[in-house]
Amino acid sequence: METPKTYEPQQAEEKWYAHWMEKGYFHSEPDDREAYTVVIPPPNVTGILHMGHMLNNTIQDVLVRRARMQGKNACWVPGTDHASIATEAKVVHKLRAEGIKKSDLTRDEFLAHAFEWKDKHGGIILEQLKKLGASCDWERTSFTMDPEYSESVLNVFIDLYKKGKIYRGLRMVNWDPEALTALSDEEVMHKEVNSKLFHVRYKIAGSDDDWLTIATTRPETILGDSAICIHPEDERYKHLHGKQAIVPIANRTVPIILDEYVEMEFGTGCLKVTPAHDTNDYELGKKHNLETIDILNSNGTINDKGLHYQGQDRFEARKSIEKELYDKGYLVKTEDHINKVGFSERTNAAIEPRLSLQWFVDMKELSAPALENVMNGNINFYPEKLKNTYRHWMENVKDWCISRQLWWGHQIPAWYFGEGMEDFVVAKTREEALKLAIDKSGRNITENELKRDEDVLDTWFSSWLWPISVFNGLTQPNNPEIKYYYPTNDLVTAPEIMFFWVARMIIAGCEYMDDIPFKNVYYTGIVRDKLGRKMSKQLGNSPDPIELIQKYGADGVRMGILISSPAGNDLPFDSSQCEQGRNFTNKLWNAFRLVDSWEVNADLEQPESSVRAIEWFEARFNEELAIINEHFDKFKISEALMATYKLVWTDFCSWYLEMIKPGYQHPIDGKTLARTKLLFADLLKLIHPLCPFIAEELWHLLAERNGEDIIVAEWPHFKPVDNSTLSQFTLAEEVITNIRNIRTKNNIANKVKLELFVKKNGELNTNFDSVIVKMGNLTHLDYTFDKIPNSNSFIVDQNEYYIPFGESIDVEAEKEKLTKELEYSKGFLLSVRRKLENEKFMSSAPEQVVISERKKEADALGTIAILEEKLAGL
RNA sequence: GGGGGAUUAGCUCAGUUGGUUUAGAGCAUCUGCCUUACAAGCAGAGGGUCACUGGUUCGAAUCCAGUAUUCCCCACCA
């Protein structure tokens, strides 16, 4: 059967993934081997695969597959996150399309819809990961709302509450008027927007025509004003001390207060104070005992305190109130102004600071060990520079608002038995809560009186337990799995969620396992398009990963995405990279076709050139293996990939295979072929973590394996390298390249055999002469004591090489070439001599450096002498 | 406003504690080849004042200072 000329990935991918699954290679159970554990950053349960996931999961798979081959018990735990806000928003949206309003449903009815949605769309992304080749232990697939997982979330809430680390409080929080929930500070993105600064005049109470002018970006909140604030030292407004002002439209009289918080330079120096709608104003309100007038409903419309604007959306109200202020002569002027406004990370709605009763985690003490463990290197960050960002956040950590006014998630285990701030208890079940409530209140409370908190917990309050709870480390402390797999080894994630997730996992690990959750954190960059834009659905600039896989093969796409993505760097992605990856798999495929095509003749003696070729490639392989290992160990994945790529393409295909290749339709000797297959197999091992499918495919095509698969083959062991073989080959390579150059420049076809004479001037090892003869397509290589006239010539390592021509050569061209070389050598000599003639250099430089400079000088002198002699002889 | 990075070939990046020739790789480019493994290929070549200025040093892409450009993170100036 004819082997196809190009590699066709689809079949191989399906076949081998099914085979790996069937053999259970991805599944891990604790045993005597060293554990290597990775937990996947759980994607949103209803999400679909995007390029960021591709990058992230390819890296994880590379690490996991290599660890598996290194004989470690590799366990990659997959799973999904319930993604409270995102999923609830999707369900609400879907119901709305069907004409159902969330507010018409009971909590249970809504949750039934949500679970239906989750069952329908959940896990699509995990199926997509399989196409990429992800070797996850699918039997361990976890979900943050699995029953046992949920139990651990509630346990942690209760425990932290008991420790006094969780409290309930009335605070200014970030309110998302679209999702109708509070958000943590981390879920708010600040963006610069072009807005207007409105200068509005307020009449001084009791005066005929005295006014003051404030500047505001949010005139609609005028209705909630409860004071005007000026700087106590502001000379312009000294006459206003102790006076009152009349709020336009509302016609309320409010005090003029003094506080140094006001910047005199900004706007007019007069600040309107609206404690209900601004965090700073709220603080001012508390300090000066001001009234808090909340004029907004939870959905961002004006409420009954907003007079005739009631019912209008806040942005609509801004426009209409601008008009009214103008019409009535209150609006002094408007000017363009750029300010920063917070937007919800999920819904993109403008955040409204809102006073509400929420649950918080006190982060100060909890975060101390988490900071310590990163700064002291117990946990390594790749790239290391992100430690700075981490430290900065941890040192300024604020309390974490964990309650969300949503239904999809873990319902807060708090139970209320009255209206007072303290009329609640925290307990896992209604029964326990009842007991506690009776104790706390001192009266006989009935079960019906007990109302559970309606809110759910922030999603990250469950994901922060991920490395522990996927092994049930909280519900079954010290179980064999948590003891074996925890702490996990490497975490691969995006820097964007360093605070959301990474920092909090470290906190949870230190608090609940008394140990870090992972040893290394690899931060990927952002996948961008060619123009440097972030890939996003809105821009439509993100290729569909599955389509890429269909077009280039999973291995090609994996190569394409890894080829230039050092840790922490953004990845400017272009599908041409996948093309390069695909070309690489094709190169491998054809290398196999070549080797596979050779017939063995047992009587044939092994050519000298093949003996040398094998010696050299073995040394070369090991030299590069050490480098590749080092790259992997330092998480320099793209460099490990590039080293592997060059080892295969340049060293193995372009040099080694050409060196041992028999003439067309000639057989090969058995020894060489057998060695070559072994070397090829070793290369495939290096390739497997990067391109698992083709590696497995060729591994089996190359030899009968008796059920041994490359996925569990042993990663090659480093054997010490004979450096002299490598350096001798480098010189031979240089000779061959020079011969090829002469062919190109003189239009000599490769088929035409040439003769080569060598005039030995210095040290010369002849080990690779047979290789030079073969690769240069020479009739013979002879040594001579004389220059050969009418020759093309070149110098390698101070030895002269001559290729005689039938006809005379171009003397002028030769002269020019030699003169150029001479100039270079002289320039070089000069730079070396500058050092050697410098007394300070000679006295301060280390001996080794001086010796090496002296050698450079001697070499240069030798080369110059040869060149000059050649020039003179022309 | 505060903090942290980055700047090396057209593009994407390496470049260990300052000293392996006068700085490397892949891709792209150019030239010549459809040479029976591969044109998704082969052989060869060109391409850089290491952002700028100054300093330290016998010696700087590498260390220091300043400048420019740029990216990221944090932050409540209305």
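Here is how names work: the chains are called A, B, and so on, in the same order as the sequence lines, proteins then strands, and each is numbered from 1.
Residues satisfying the salt bridge (Lys or Arg N to Asp or Glu O under 4.0 Å) test with E496(A), not counting sequence neighbours, are K534(A). For K820(A), there are no salt bridge (Lys or Arg N to Asp or Glu O under 4.0 Å) partners, not counting sequence neighbours. Looking at residues two or more places apart in sequence or on another chain, you find a ring pair (Phe, Tyr, Trp, His ring centres under 6.0 Å) between F652(A) and F617(A), Y656(A), F680(A). Residues satisfying the ring pair (Phe, Tyr, Trp, His ring centres under 6.0 Å) criterion with F573(A), sequence neighbours excluded, are absent altogether. Every residue meeting the ring pair (Phe, Tyr, Trp, His ring centres under 6.0 Å) condition with F266(A), not counting sequence neighbours, appears here in chain and number order: H337(A). By the side-chain contact (heavy atoms from CB on, under 4.5 Å) test, N586(A) pairs with T6(A), Y7(A), W589(A), N590(A), sequence neighbours left out. Looking at residues two or more places apart in sequence or on another chain, you find no ring pair (Phe, Tyr, Trp, His ring centres under 6.0 Å) involving F198(A). Residues satisfying the side-chain hydrogen bond (donor to acceptor under 3.5 Å, both in side chains) criterion with Y382(A), sequence neighbours excluded, are absent altogether.
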Tabulated below should be each protein N or O lying under 3.5 Å from an N or O of nucleotides 26-31 of chain B; please produce it.
from   : atom 1 : to      : atom 2 : distance (Å)
G26(B) : O2'    : Q580(A) : NE2    : 2.8
C27(B) : OP1    : Y645(A) : OH     : 3.4

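Distance noted for atom P between U62(B) and A9(B): 15 Å (whole Å).
Rounded to whole Å, atom P of A6(B) lies 10 Å from atom CG of N569(A).
Each of S831(A) and E630(A) was assigned the nucleotide of RNA chain B with the nearest heavy atom; the assignment lying further toward the 5' end belongs to E630(A).
Seen from the ring of W655(A), R620(A) does not count as a face-on cation partner, given the 6.0 Å and 45° thresholds.
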Side chains of residues 223-231 of chain A: which donor-acceptor pairs under 3.5 Å do they make with residues two or more places apart or in other chains?
from    : atom 1 : to      : atom 2 : distance (Å)
D225(A) : OD1    : K272(A) : NZ     : 2.7
D225(A) : OD1    : T274(A) : OG1    : 2.9
D225(A) : OD2    : Y202(A) : OH     : 2.5
S226(A) : OG     : E291(A) : O      : 2.7
H231(A) : ND1    : E233(A) : N      : 3.1

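Of the residues in residues 838-846 of chain A, those lying under 4.0 Å from RNA chain B by heavy-atom distance are N838(A), K840(A), F841(A), S844(A), A845(A), P846(A).
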- request: Do nucleotides 70-78 of chain B as a string where each nucleotide becomes B, S or -: B if the base has a protein heavy atom under 4.0 Å, S if just the sugar-phosphate does, - if no protein is that close.
  value: ---SSBBBB
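Residue E658(A) is in base contact, counting any heavy-atom pair closer than 4.0 Å across all strands shown. R582(A) comes within 4.0 angstrom of a nucleotide base, judged by non-hydrogen atoms across all strands. Counting non-hydrogen atoms under 4.0 angstrom, S654(A) reaches the backbone sugars and phosphates but no base.
Distance from the side chain of P566(A) is smallest for A14(B) among the nucleotides A45(B), A14(B), A37(B).
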